[in-house]
Amino acid sequence: MTTTSSGVRCMLMRGGTSKGAFFVEDDLPAEPAARNDLLLRVMGSPDPRQIDGVGGAHPLTTKVAIVAPSARDGIDVEYLFLQVGVDDATVTDRQNCGNMLAAVGPFAVERGLIDVEDGTPSLRILMRNTNNVAVATFPVAGGRPVYEGDTEISGVPGTAAAVSLEFEDIARHGGSVLPTGRAVEIIGGLAVTLVDSGMPVVVIRAADVGITGYESCERLTTNTQLRARLEAIRLVAGPLMGLGDVADTTVPKLTIVAPPKGGAAVSTRTFIPHRCHDAIGVLGAISVAAACQIAGSVAERIAALDPESPIVRLEHPTGTFDAIVSMASDPPPRITRAGIIRTARLLMDGTIYPRSY
């Protein structure tokens, strides 16, 4: 563990539409309980404002990436994602984060964990949370990542350099993206689709829960009756998806779908799981894009797909998200290709000083 006067080496980075603290694994305590205690103090949790830490008072800005060089053949670096609670003292590795993943390659280069040549190198990243591999491709000049560029993603102001992410074998259920093997399950009297292609998601039609699916995040998050109904569905869905008791976890997510309004495949509102997401997560988007292509699923019944394109465009509260998802033509539903374009930026590099109490 590397410390400086009780501080810890850290980078704050934006990855996609998320933001968080990035650490080299050896700079943190090896024992998980001690590590998690440190991260809670770094973020200032539990506290809704996180006034005494660097957390952003929201789950999307209270994230941690831990990165290490890899001794495994064909793997450049390994990435562990941890979601830190905001107003509760929790640290969980039960989910992955594809947005933070976008900054893992640049972070590894910044910290000298891997040597790359100038150009657009590709790094093979093992995502420890799910034991899957992602290939990240991004520009490098003068031995440093290039962050400036002309790629725009919804939910992030301005433009930045593109980070291409391709995912390998992200389905965890014998190759199928359907944990139960069925396109539709009935939970609480509702037809839902349970899908997992790197992020477990419960897909629900907006009309079935009494909303349009076009409401603002604030309106949905403050709809206590809706949230209670969604949580009841989630608690049943978790064991069906092989996740066990999910009462104290952040998975599965729930995505409410409605017919598109602006030329996309579907409109989405995603709960993560108790707040409505201002956008949609990377791996969650891939799961929803897959659901849009599964015959008979609740999403497929309303999706407007372009049969000539592998791009599935999802509308969300702050714009759109393009997921490149190709499915096998023979059953069971399997993803043959999954990829997205994100951006990332280094925000701060220095020493972070966690509170001592």
Side-chain angles (χ1 to χ4, degrees), residues 15-18 60 79 81 94-102 104 125-127 129-137 153-155 162-179 183 192-204 237 241 243 250-257 260 264-273 277 279-294 297-300 303 305-306 309-316 319-328 332-343:
T17 54
S18 293
L60 298 182
Y79 155 56
F81 170 71
R94 292 285 297 274
Q95 69 178 75
N96 209 337
C97 181
N99 273 303
M100 290 282 279
L101 172 66
V104 168
I125 301 168
L126 176 70
M127 300 179 289
N129 301 73
T130 55
N131 204 36
N132 301 121
V133 175
V135 180
T137 304
I153 62 173
S154 295
V163 179
S164 171
L165 298 173
E166 291 274 344
F167 300 94
E168 299 179 359
D169 301 324
I170 58 176
R172 292 180 286 180
H173 305 276
S176 174
V177 299
L178 296 175
V192 303
T193 294
L194 309 180
V195 60
D196 184 355
S197 57
M199 177 64 71
V201 177
V202 182
V203 184
I204 306 167
M241 301 180 80
L243 302 172
T250 57
V251 289
K253 313 299 187 187
L254 304 105
T255 294
I256 298 170
V257 295
V266 290
S267 178
T268 68
R269 295 293 186 270
T270 298
F271 282 76
I272 56 171
H277 195 328
I280 187 170
V282 168
L283 296 171
I286 291 175
S287 288
V288 174
C292 288
Q293 300 178 67
I294 297 172
S297 79
V298 299
E300 187 265 343
L305 296 171
D306 179 355
S309 175
I311 297 175
V312 180
R313 175 163 291 178
L314 307 175
E315 296 171 0
H316 57 72
T320 60
F321 187 110
D322 287 349
I324 302 170
V325 176
S326 298
M327 304 287 291
R334 292 175 293 108
I335 291 177
T336 57
R337 182 190 179 197
I340 50 95
I341 298 294
R342 298 275 84 188
T343 64

Separation between [atom1] of [X] and [atom2] of [Y], rounded to the nearest 0.5 Å:
X: D322; Y: I341; atom1: CG; atom2: CD1; value: 9.5 Å
X: L178; Y: M241; atom1: CG; atom2: CE; value: 9.0 Å
X: N132; Y: I125; atom1: CG; atom2: CD1; value: 12.5 Å
X: C97; Y: L283; atom1: SG; atom2: CG; value: 7.5 Å
X: I272; Y: M199; atom1: CD1; atom2: CE; value: 10.0 Å
X: N99; Y: R342; atom1: CG; atom2: CZ; value: 5.0 Å

Heavy-atom check, side chain of [X] versus side chain of [Y], under 4.5 Å:
X: M327; Y: V177; value: yes
X: F81; Y: Q95; value: yes
X: P179; Y: P200; value: no
X: S297; Y: V203; value: no
X: V288; Y: V312; value: no
X: R337; Y: I324; value: yes

Report summary line: Those residues at least two apart in sequence (or on a different chain) that pass side-chain hydrogen bond (donor to acceptor under 3.5 Å, both in side chains) with T270 are T255

Which atom names give the shortest non-hydrogen contact between [X] and [Y], and what distance separates them?
X: V201; Y: S287; result: CG2-CB, 3.8 Å
X: A285; Y: A323; result: O-CB, 4.4 Å
X: V257; Y: A299; result: CG2-CA, 4.3 Å
X: A279; Y: H316; result: CA-ND1, 3.4 Å
X: L305; Y: A265; result: CD2-CB, 3.8 Å
X: A290; Y: V195; result: CB-CG2, 4.5 Å

Looking only at atom types and distance, does a side-chain atom of [X] sit under 3.5 Å from a main-chain N or O of [Y], one as donor and one as acceptor?
X: S326; Y: T336; answer: no
X: T268; Y: E315; answer: yes
X: S309; Y: D306; answer: no
X: R94; Y: L243; answer: yes
X: N96; Y: N129; answer: no

**Report entry** Partner of F167 under side-chain contact (heavy atoms from CB on, under 4.5 Å), chosen from V133, I335, L101
**Finding:**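 With F167 as partner, side-chain contact (heavy atoms from CB on, under 4.5 Å) holds for just one option, L101.
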
